[in-house]
**Student:** 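Mind looking over this structure? Questions follow.
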Amino acid sequence: QVQLVESGGGLAQAGGSLRLSCAASGRTGSGYAVGWFRQAPGKEREFVARISRIGGTLYADPVKGRFTISRDNAKNTVFLQMNSLRSEDTAVYYCAADVKIYPLTITQAAQPIWYDYWGQGTQVTVSS
């Protein structure tokens with residue numbers, strides 16, 4: 001089991017920045033990839049970014065160039081730096097861990113079903 005706790009959400013103005021954290025605990029010794037997803041009211045959960053065990057990154061088109069995912073393995077924490085925020089970034093943000101030993105395809109990496117553990121989410125609200 002892996003437990004995930006997100007933090008860092010809140011209210012920001014359009015054009016501003018927020019930094020989300022995802023702290024992992026439990027069976028983290030064998031390594032894991034982490035994805036960030038978001039869900040706005042009335043919409044499906046959508047992929048935001050992913051970082052692999054060794055630091056490879058993948059981003060959804062709407063956030064490329066604005067968001068940066070990174071990890072501190074010593075602290076079992078993954079970060080999502082969000083810059084140039086827009087009102088359409090408003091959503092609950094979730095981090096999720098993929099503990100499978102085989103790599104996912106790009107298509108799979110963007111789908112929630114391929115992740116094994118989820119955090120409780122943190123609200124991000126961007127005012128225009």
Side-chain angles (χ1 to χ4, degrees):
Q1 291 276 352
V2 175
Q3 294 78 43
L4 302 171
V5 178
E6 302 98 334
S7 61
L11 178 65
Q13 290 189 331
S17 299
L18 284 173
R19 188 193 197 203
L20 305 184
S21 298
C22 174
S25 60
R27 292 182 175 268
T28 59
S30 58
Y32 52 97
V34 171
W36 282 98
F37 291 79
R38 65 188 181 187
Q39 188 165 19
K43 295 188 176 181
E44 292 188 353
R45 193 166 296 190
E46 66 171 359
F47 172 73
V48 175
R50 172 184 168 99
I51 188 164
S52 73
R53 285 177 170 81
I54 58 173
T57 59
L58 179 67
Y59 295 94
D61 286 344
V63 307
K64 281 182 181 176
R66 300 189 298 123
F67 290 12
T68 302
I69 190 170
S70 61
R71 67 190 302 159
D72 183 338
N73 289 332
K75 297 182 179 180
N76 280 328
T77 302
V78 170
F79 305 98
L80 185 68
Q81 178 67 44
M82 306 187 296
N83 298 328
S84 303
L85 284 165
R86 305 168 180 168
S87 57
E88 53 264 40
D89 295 320
T90 295
V92 177
Y93 283 69
Y94 300 89
C95 66
D98 163 23
V99 300
K100 291 177 284 297
I101 61 174
Y102 55 86
L104 301 181
T105 66
I106 291 177
T107 300
Q108 291 170 335
Q111 296 173 337
I113 195 172
W114 289 95
Y115 291 79
D116 305 294
Y117 302 98
W118 290 82
Q120 81 290 349
T122 185
Q123 176 70 48
V124 170
T125 303
V126 183
S127 62
S128 56

**Student:** What's the spacing between Arg19 CZ and Thr68 OG1 if we round to 0.5 Å?
**Tutor:** 10.5 Å

**Student:** I want to check something: taking the side chain as every heavy atom from C-beta on, are Val34 and Asp98 in contact at a cut-off of under 4.5 Å?
**Tutor:** no

**Student:** Say whether Leu80 and Val2 are linked into one hydrophobic cluster, either directly or through other cluster members, by side-chain heavy-atom distances under 4.5 angstrom.
**Tutor:**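 The answer is yes; both residues are in one hydrophobic cluster.
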
**Student:** What closest approach, in Å, do Leu20 and Gly9 show between heavy atoms, and which atom pair accounts for it?
**Tutor:**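 Closest heavy-atom pair between Leu20 and Gly9: CD2-N, 3.5 Å.
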
**Student:** Are the side chain of Lys100 and the backbone N or O of Asp116 linked by a donor-acceptor pair below 3.5 Å?
**Tutor:**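 It does not hold such a pair.
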
**Student:** Kindly give the heavy-atom pair with the smallest separation between Ser17 and Ser84, and that separation in Å.
**Tutor:** OG-N, 4.4 Å

**Student:** Verify, without hydrogens or angle tests, whether Ser87 (side chain) and Val126 (backbone) share a donor-acceptor contact under 3.5 angstrom.
**Tutor:**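 Judged by distance alone, no pair lies under 3.5 Å.
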
**Student:** For the pair Lys64 and Asp61, find out whether any cationic side-chain nitrogen is under 4.0 Å from an anionic carboxylate oxygen.
**Tutor:** yes

**Student:** Using a 4.5 Å cut-off on heavy atoms from C-beta on, say whether the side chain of Leu18 contacts that of Asp89.
**Tutor:**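 Not touching, per the 4.5 Å side-chain cut-off.
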
**Student:** Are Phe67 and Leu85 packed together at the side-chain level, in the sense that at least one heavy-atom pair is separated by less than 4.5 angstrom?
**Tutor:**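 Of all side-chain heavy-atom pairs linking Leu85 with Phe67, at least one is under 4.5 Å.
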
**Student:** Measure the shortest side-chain to side-chain distance between Tyr94 and Leu4 over non-hydrogen atoms and say whether it is less than 4.5 angstrom.
**Tutor:**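 No, their side chains stay 4.5 Å or more apart.
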
**Student:** For Tyr115 and Arg50, which I'm curious about, is there any donor-acceptor pair between the side chains at under 3.5 Å?
**Tutor:**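 Yes.
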
**Student:** Determine the minimum heavy-atom distance between Trp36 and Cys22, stating which atoms define it.
**Tutor:** CZ2-CB, 3.6 Å

**Student:** If you measure from OH on Tyr117 to SG on Cys95, what distance do you get to the nearest 0.5 Å?
**Tutor:** 14.0 Å

**Student:** Can you get from Val92 to Phe37 by hopping between Ile, Leu, Val, Met, Phe, Trp and Tyr side chains that sit under 4.5 Å apart?
**Tutor:** yes

**Student:** Measuring only between side-chain heavy atoms, which start at C-beta, is Arg27 closer than 4.5 Å to Val99?
**Tutor:**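 The answer is no, as the side chains (C-beta and beyond) never meet within the 4.5 Å cut-off.
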
**Student:** Is the positively charged end of Arg71 above the ring of Tyr32, judged by distance under 6.0 angstrom from the centroid and angle within 45° of the axis?
**Tutor:** yes

**Student:** Side-chain contact test, heavy atoms from C-beta onward, threshold under 4.5 Å: evaluate it for Gln123 versus Thr90 and give yes or no.
**Tutor:** yes

**Student:** Taking the side chain as everything from C-beta on, heavy atoms only, tell me whether Val63 gets closer than 4.5 Å to Arg38.
**Tutor:**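 Yes, close enough: below the 4.5 Å cut-off.
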
**Student:** Quick check: does any side chain N or O of Tyr59 sit under 3.5 Å from a backbone N or O of Ile69, one acting as donor and the other as acceptor?
**Tutor:**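 It does hold such a pair.
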
**Student:** Hydrophobic cluster membership, with links at side-chain heavy-atom distances under 4.5 Å among I/L/V/M/F/W/Y: are Ile54 and Ile51 in one?
**Tutor:**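 No, it is not one cluster - the side chains of Ile54 and Ile51 are not joined through contacts under 4.5 Å.
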
**Student:** Is a donor on one side and an acceptor on the other found under 3.5 Å between the side chain of Glu6 and the backbone of Thr122?
**Tutor:**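 Side chain of Glu6 to backbone of Thr122, a donor-acceptor pair under 3.5 Å: no, none is there.
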
**Student:** For the residue pair Thr77 and Ser21, what are the closest heavy atoms and their distance?
**Tutor:** CG2-CB, 4.2 Å

**Student:** Kindly check if the number of other-residue, nucleotide or ligand heavy atoms within 6.0 Å of CD (Gln13) is above 12?
**Tutor:** no

**Student:** Same cluster or not: Ile113 versus Tyr102, using hydrophobic residues (I, L, V, M, F, W, Y) connected whenever any side-chain heavy atoms lie under 4.5 Å apart?
**Tutor:**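 Both belong to a single hydrophobic cluster.
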
